[in-house]
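Notes for the one structure printed next.
What you see is a predicted model, and the numbers here were worked out from it, not measured in a lab. If you read the sequence from its start, that first residue is 1, and numbering goes on from there.
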Amino acid sequence: MRNRVRVRGWRWRSNPLRRRCDVVEAWAALIVAVLLFVVAPLVGAAAGLYAQDRGAATAAAQRAARHQVRATVVGDPSAVRAGRGHPHRAEVRWTEAGQTPRTAMARVPAGTPAGGTVSVWVDSRGQVVAAPASGAAVLQHAVTVGVCAAAGAGGLVFLGHTVARRVALRHRLAEWEREWARTGPRWTQPRR
C-alpha cells in the first residue's frame, strides 16, 4: 500500500482545510515547547545562581560575626534526654578570655551529660546563635530555589497554554456555530 498519508507538520503546510486557529495552535505549541525546554531551565539556573551568591555572602558575613567557644553543660542532667542523636536544649556555661563567665540555653547533642563539653557559636554580644551556614547548606538552598523557580516557570507556561487553548476552543466553537448557521439550512431543508 503506497497510499500512506503523512501527517507530520500538517498544520504548517498549505491546505484548503487548514483553519487560522490551526496555525495559531501550532505556533502556540512551538512557543510552549521553547518556553518549557529552554526558558524555564534558564530561569531555574539564574535563580539558583542568585541564591548561591546571596547564600555564600550571608554565610561569609555570619562566619565573620560569629565565633565558636567550648562550653560546659550545667544544670539538671535530666534536661538533656537521651534520644536518637537530635539536639536538645540545655543550659551551658563558657568563659571567654578576659571576660566573666556567661550562661545561656543552647542546643547540645542528645545524651550529653552534665559537665560535658560542647561547642557553641556566639555572636559579638556574647549571645548564643546558630552555626553559620555550611557550604553544603548553601548549595542545597540554591538547588532548591533553582528547581522551584524552574517548576514555577513551567507551571506558569502550562497555565498560560491552558488559558490560550480554552480561548481558542471558544473561538473555534463560535466559528463552527456561525458556519453551521450559514450552511445548516441548506442541508436540513427537505428536498422537493
Side-chain angles (χ1 to χ4, degrees), residues 1-66 83-89 107 121 123 129-192:
M1 291 189 71
R2 295 293 270 189
N3 321 13
R4 286 183 18 178
V5 177
R6 294 187 60 133
V7 186
R8 174 178 269 162
W10 68 273
R11 294 181 182 195
W12 302 104
R13 290 181 288 158
S14 60
N15 182 343
L17 298 178
R18 182 185 69 183
R19 299 173 304 226
R20 182 172 160 251
C21 62
D22 293 332
V23 174
V24 170
E25 194 171 328
W27 278 106
L30 179 66
I31 290 169
V32 165
V34 168
L35 288 175
L36 281 178
F37 296 115
V38 176
V39 175
L42 288 177
V43 167
L49 289 173
Y50 179 76
Q52 172 76 22
D53 289 344
R54 297 290 299 158
T58 301
Q62 287 175 349
R63 280 191 293 278
R66 301 173 183 182
R84 293 178 296 196
H86 297 296
H88 295 281
R89 294 185 62 78
R107 291 184 177 268
W121 287 88
D123 62 9
V129 292
S134 66
V138 170
L139 180 63
Q140 180 182 12
H141 176 71
V143 168
T144 302
V145 167
V147 168
C148 289
L156 284 175
V157 168
F158 274 126
L159 180 65
H161 184 60
T162 301
V163 169
R165 285 188 59 119
R166 283 185 179 239
V167 169
L169 179 63
R170 192 175 279 160
H171 283 284
R172 187 178 308 127
L173 290 176
E175 185 179 323
W176 286 350
E177 193 66 35
R178 285 190 302 271
E179 289 291 326
W180 182 250
R182 209 172 31 184
T183 59
R186 285 187 276 166
W187 287 50
T188 56
Q189 289 180 354
R191 298 194 188 259
R192 295 185 191 165

Listed by chain and number, what are the side chain to side chain contact (heavy atoms under 4.5 Å, CB included) partners of [X], not counting sequence neighbours?
| X | value |
| --- | --- |
| R178 | A174, E175 |
| L36 | V32, V157, F158 |
| V147 | V143 |
| L169 | R172, L173 |

Not counting sequence neighbours, which residues clear salt bridge (Lys or Arg N to Asp or Glu O under 4.0 Å) with R165? List them please.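 R165 satisfies salt bridge (Lys or Arg N to Asp or Glu O under 4.0 Å) with E25 once adjacent residues are dropped.
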
Mind checking salt bridge (Lys or Arg N to Asp or Glu O under 4.0 Å) for R186 and listing every partner two or more places apart, or none if nothing turns up?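 Counting only residues at least two positions away or on another chain, R186 forms no salt bridge (Lys or Arg N to Asp or Glu O under 4.0 Å).
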
Pairs involving residues 131-155, ordered by first then second residue, that meet salt bridge (charged side-chain N to carboxylate O under 4.0 Å, His left out) (sequence neighbours left out):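 Every candidate salt bridge (charged side-chain N to carboxylate O under 4.0 Å, His left out) pair involving residues 131-155 fails, so no pair, neighbours aside, qualifies.
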
Would you list the pairs meeting salt bridge (charged side-chain N to carboxylate O under 4.0 Å, His left out) in which at least one residue belongs to residues 130-143, sequence neighbours left out?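 The answer is none; no pair qualifies.
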
Show which side-chain atoms of residues 38-60 pair as donor or acceptor with protein atoms under 3.5 Å away, not counting sequence neighbours.
residue : atom : partner : partner atom : Å
T58     : OG1  : R54     : O            : 2.9

Heavy-atom pair with the smallest gap, counting every atom of W121 and A130: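 Heavy atoms of W121 and A130 come nearest at CB-O, 4.1 Å.
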
List for me each residue that meets side-chain hydrogen bond (donor to acceptor under 3.5 Å, both in side chains) alongside D123, sequence neighbours excluded, and say none if there are none.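 If we apply the side-chain hydrogen bond (donor to acceptor under 3.5 Å, both in side chains) test to D123, skipping adjacent residues, the hits are R125.
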
Taking side-chain hydrogen bond (donor to acceptor under 3.5 Å, both in side chains) as the test, write out the residues that go with R166, two or more places apart.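 Residues passing side-chain hydrogen bond (donor to acceptor under 3.5 Å, both in side chains) with R166: none at all.
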
